[in-house]
Amino acid sequence: MHAFFHHGSNVLPLEPVSSDVPSLQDAELAAMYYGERKGGDFYDFLRVSPNRVVFGLLDVAGRSEQNRAIVGAAQKTFREKSLELLSSDKVNEADAMTEICLRLNQTILDIETGGVRSCPAFVGCYNESLGVLCYINAGHTPGLVRDGTGVAELPATGLPLGLFSHATCDAPMTAIPPSGALLLVSRGVVEGRRHHEEFGLTGARKTLERPASSAKDLCRAVIEDVRQFMGTPPTHNDVTALALVRNSP
């Protein structure tokens, strides 16, 4: 199933609702949109070495027809720089991720000549040999990691991309143990409303606390939980989820 972008009489297929993702040795990655993309949510995945996979979830401000050029340029930079900087065995992942963040920021600023365009982003590099995630969170909704002790937040490590030319992001690391999971959700998920109440990060945390058999099931579960919470299809904004679920030992 594809989301479609309608432009005049042409119908241009956009990214699939369920994206093809690299297969992992002891884990699964997945991502999902609800229905048609209307805003700037975009995700991508790439294997950069035998034991490293990178992924990103970006939220470019504006409607999809306005930000397609930025999304396309950001994807190109993300893929080229990830391969260039993270394919070597001896690379310092934190330094490489910080550099990728800088290059993404510059790409967005170069394309958006008419001013600034805020682009919150979460970019991760998962090292399969170590079970460790190195990540940058540029003003994005916090990531959520479940381990044997509970659920922890991965808060912002820098400002959204696209605002300042020299903005930097720290790139901390966190372990994702066997049976553990990472869940990323877009702003459209946390802003799902019923009356005066938001689904919030609390709603996503409750979804993550329930067992999920796969990353795809976890993505599907959080989108369904938003829909049930709102009592109506969540078409207020892009509703996107990305998950990494590690196999049981």
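Each residue takes its place number in the sequence, starting with 1. Everything numeric in this text was worked out from a predicted model, so none of it was measured.
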Are side-chain heavy atoms of Asp89 and Ser49 found at a separation under 4.5 Å?
no
Is it the case that the side chain of Ser248 and the backbone of Ser179 share a donor-acceptor pair, with hydrogens and angles ignored and the cut-off at 3.5 Å?
no
Over all heavy atoms of both residues, which pair between Pro160 and Pro120 is shortest? Give the atoms and the distance, please.
CB-N, 3.9 Å
If you round to the nearest 0.5 Å, how far is CG of Asn51 from CG of Leu130?
7.5 Å
Mind checking whether Phe122 and Tyr135 have parallel, tilted or perpendicular rings, split at 30° and 60°?
parallel
Value rounded to 0.5 Å, distance of CD in Gln25 from CG in Asn247:
10.5 Å
Please lay out, stage by stage, how Ser118 and Leu163 fare under the test side-chain contact (heavy atoms from CB on, under 4.5 Å).
CA-CA 6 Å; Ser118 174; Leu163 299 179; 3.9 Å; yes
Should Leu133 and Phe55 count as side-chain neighbours, where that means a heavy-atom distance under 4.5 Å?
yes
Taking all heavy atoms of Met32 and all of Cys219, pick out the closest pair and write down the distance.
CB-CB, 4.0 Å
Determine whether a donor-acceptor pair (N or O, by modelled atom type, separation under 3.5 Å) exists between the side chain of Asp170 and the backbone of Pro172.
no
Is there a side-chain contact between Cys119 and Leu58 (heavy atoms, below 4.5 Å)?
yes
Output the distance between atom CZ (Arg146) and atom CZ (Arg205), rounded to the nearest 0.5 Å.
12.5 Å
N/O donor-acceptor pair under 3.5 Å between Thr207 side chain and Val222 backbone
no
Side-chain touch Val245/Ser214, heavy atoms, less than 4.5 angstrom:
no
Going through the checks in order, is the salt bridge (charged side-chain N to carboxylate O under 4.0 Å, His left out) test met by Lys206 and Glu209?
CA-CA 5 Å; Lys206 286 177 181 172; Glu209 285 169 350; over 6 Å; no
Please check this pair: side chain of Asn137 against backbone of Leu154, looking for a donor-acceptor N/O pair closer than 3.5 Å.
yes
May I ask you to test the Arg246-Asp26 pair for a side-chain heavy-atom distance under 4.5 Å?
yes
Nearest heavy-atom neighbours spanning Phe45 and Arg79
O-NH2, 3.1 Å
Residues Lys76 and Glu80 bridged, charged N to O under 4.0 Å
yes
Joint hydrophobic cluster, Leu159 plus Leu102, side-chain heavy atoms closer than 4.5 Å:
no
If you round to the nearest 0.5 Å, how far is CD of Glu153 from OG1 of Thr141?
10.5 Å
Co-membership, hydrophobic cluster, residues Leu83 and Leu29, 4.5 Å side-chain:
yes
For Ser23, does its backbone N or O pair with a side-chain atom of Arg47 as donor and acceptor, under 3.5 Å?
yes
Check whether Val189 and Val151 end up in the same hydrophobic cluster, where Ile, Leu, Val, Met, Phe, Trp and Tyr are linked by side-chain heavy atoms less than 4.5 Å apart.
yes
With the side chain counted from C-beta on, respond yes when Lys81 and Glu84 share a heavy-atom pair under 4.5 Å apart, and no when they do not.
yes
Is the shortest side-chain heavy-atom distance between Met97 and Met173 below 4.5 Å?
no
Within the side chain of Arg220, is there an N or O that forms a donor-acceptor pair under 3.5 Å with the backbone of Ile223?
no
How close do Tyr126 and Leu244 get, counting heavy atoms only, and between which atoms?
CG-CD1, 3.7 Å
Return the CG to CG distance between Leu144 and Leu208, rounded to the nearest 0.5 Å.
6.0 Å
What one should report as the nearest heavy-atom pair of Val54 and Phe78 is CG2-CZ, 3.7 Å
Hey, what do you get for OG (Ser88) to CZ (Arg52), rounding to the nearest 0.5 Å?
7.0 Å
Return yes if some donor-acceptor pair links the side-chain N/O of Asp225 with the main-chain N/O of Ala204 below 3.5 Å, else return no.
no
Minimum heavy-atom separation for Ala94 to Asn92, with atom names?
N-OD1, 3.1 Å
Option passing side chain to side chain contact (heavy atoms under 4.5 Å, CB included) with Ile100 (candidates Ile136, Leu86, Thr77):
Leu86
